[in-house]
Amino acid sequence: MSRVYNFSAGPAMLPEAVLKQAQEELLDWHGAGSSIMEMSHRGKEFVSVAAEAEQDVRELLGVPNNYKVLFLQGGASTQFATIPMNLLRGKTTADYILTGAWGKKAISDAKKYCTVNLAASSESNKFGNIPAFDTWALHKDAAYVHYTPNETIGGVEFHWVPDTGDVPLVADYSSTILSRPIDVSRFALIYAGAQKNIGPAGVTLVIVRDDLIGDVLPMTPSVYDYAKQAEADSMLNTPPTYAIYMAGLVFKWVKAQGGLTAMATINERKAKKLYEAIDESSFYRNPVEKASRSWMNVPFILANPELDKEFLSGAKAAGLTTLEGHRSVGGMRASIYNAMPEEGVDALIEYMAEFEKCHA
Ligand SMILES: *Cc1c(COP(=O)(O)O)cnc(C)c1O
């Protein structure tokens, strides 16, 4: 069996070492005689797995003690609604920064709960940049400011953290969490669906400052109430036990690579060489302004879109899969999260050069 380099945007590649460990432990977890999947979430075995996963992600991200770390369900998309439910706290408006397709969905759900003030948007520029901070029209009485540090479809990333003063800052980190160190204390809430850089689909990481929770909209279901989930160690109902176990293995793998500083060095290098290969050719093009290019998702288009199909089938034959761009934008997209080995990026660059030579 040979594994391919899978450039999927999500669910994405997982580290091979993690998959092998899961395989070894699948039938008999640590001598317990059953799979972790088959164990009660209230039993001491699973409780220890969940506690260790929380401890490891706290350590990796340097989460301060006054923040809760929650493992929730429903994907990042559920957070689009649970954020206003929990964070409006008597206010009626929230500021949103729109830099791509996921931000648009977050806004659409938030509008069901509050007045959304579109404080900045790059939509008129086809989401090809990040609006400069001094152009943002922030409201001082907004309940919070929401933005998307990395837009997975457009491949547009903030390489800075906005300073919103006393207004709580909320970030959808789904596709760039754990790609580099971040200063969690700058944020009120960070959330991320797991299937890009954390583990398999099914669990969503939420990190929230504890003074902001407990004052929810009256119709909020209990499982969507951060304070109740924090009180219950994210086990108000049956949690996605296997996904949490897998996330825990990934956290240990990231630690073993040298933590987030080491991940940042590798990720920056991987992205840089791929963008260089694109920029140096007249055959491929990336539409995002240089200062806002994503380290995680690299979209590129072929000068002649009639060659798209052939590019993809040749790539697949070379063991490079899932390179087609999102259906809304077309072209190609290489997602190169933490688990994509540098050799995978090298192989892609080599294939692109070869393809160009044959078709330019
Ligand atoms: C993938 C993604 C989502 C949606 O995640 P689900 O788990 O499918 O709900 C939201 N935001 C960003 C930035 C994403 O990349």
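For ligands, and for the atoms within them, numbers begin at 1 and follow the listed sequence.
- Using a 4.0 Å cut-off between heavy atoms, Ser77 contacts ligand 1 through both its backbone and its side chain.
- With respect to Lys112 and Asp109, a salt bridge is recorded, a charged nitrogen being found less than 4.0 Å from a carboxylate O.
- Checking Thr204 against Gln73 by side-chain atom types alone, no donor-acceptor pair falls below 3.5 Å.
- Residues that satisfy the salt bridge (charged side-chain N to carboxylate O under 4.0 Å, His left out) test with Asp346, not counting sequence neighbours, are Lys273.
- Scanning the protein heavy atoms around atom 14 (C) of ligand 1, the nearest turns out to be Lys196 NZ, 2.9 Å.
- Polar contact check, Gly193 against ligand 1: no nitrogen or oxygen pair lies under 3.5 Å apart.
- For the pair Lys196 and Trp102, the cation sits on the ring face: its NZ or CZ lies under 6.0 Å from the ring centre, inside 45° of the axis.
- Heavy-atom contacts of Gly75 reach the following atoms of ligand 1: 7 (O), 9 (O) (cutoff under 4.0 Å).
- For Glu276 and Lys272, the salt-bridge test passes: some basic side-chain N is under 4.0 Å from an acidic carboxylate O.
- Considering Asn297, Asn197, Thr152 only, the shortest heavy-atom separation from atom 15 (O) of ligand 1 involves Thr152.
- Nearest to atom 6 (P) of ligand 1 by heavy-atom distance, out of Lys105, Gln195, Gln73, is Gln195.
- With salt bridges taken as basic N to acidic carboxylate O contacts below 4.0 Å, one links Arg3 and Glu16.
- Residue contacts with ligand 1, taken as heavy atom pairs separated by less than 4.0 Å, do not involve Glu151 at all.
- Ranking the protein heavy atoms by distance from atom 11 (N) of ligand 1 puts Asp172 OD2, 2.6 Å first.
- Atoms of ligand 1 lying under 4.0 Å from any heavy atom of Ala76, numbered from 1 in the order shown and given with element: 3 (C), 4 (C), 5 (O), 6 (P), 7 (O), 9 (O), 10 (C).
- Of the N and O atoms on the side chains of Asp279 and Asn286, not one donor lies less than 3.5 Å from an acceptor on the other residue.
- Taking a 4.0 Å cut-off on heavy atoms, Asn150 registers as neighbouring ligand 1.
- Of the polar atoms of Thr148, none of the N or O atoms is found under 3.5 Å from an N or O of ligand 1, judged by distance alone.
- Between Phe80 and His146, the ring-plane angle classifies as perpendicular under the 30° and 60° cut-offs.
- Under the 4.0 angstrom criterion for non-hydrogen atoms, Gln79 is not in contact with ligand 1.
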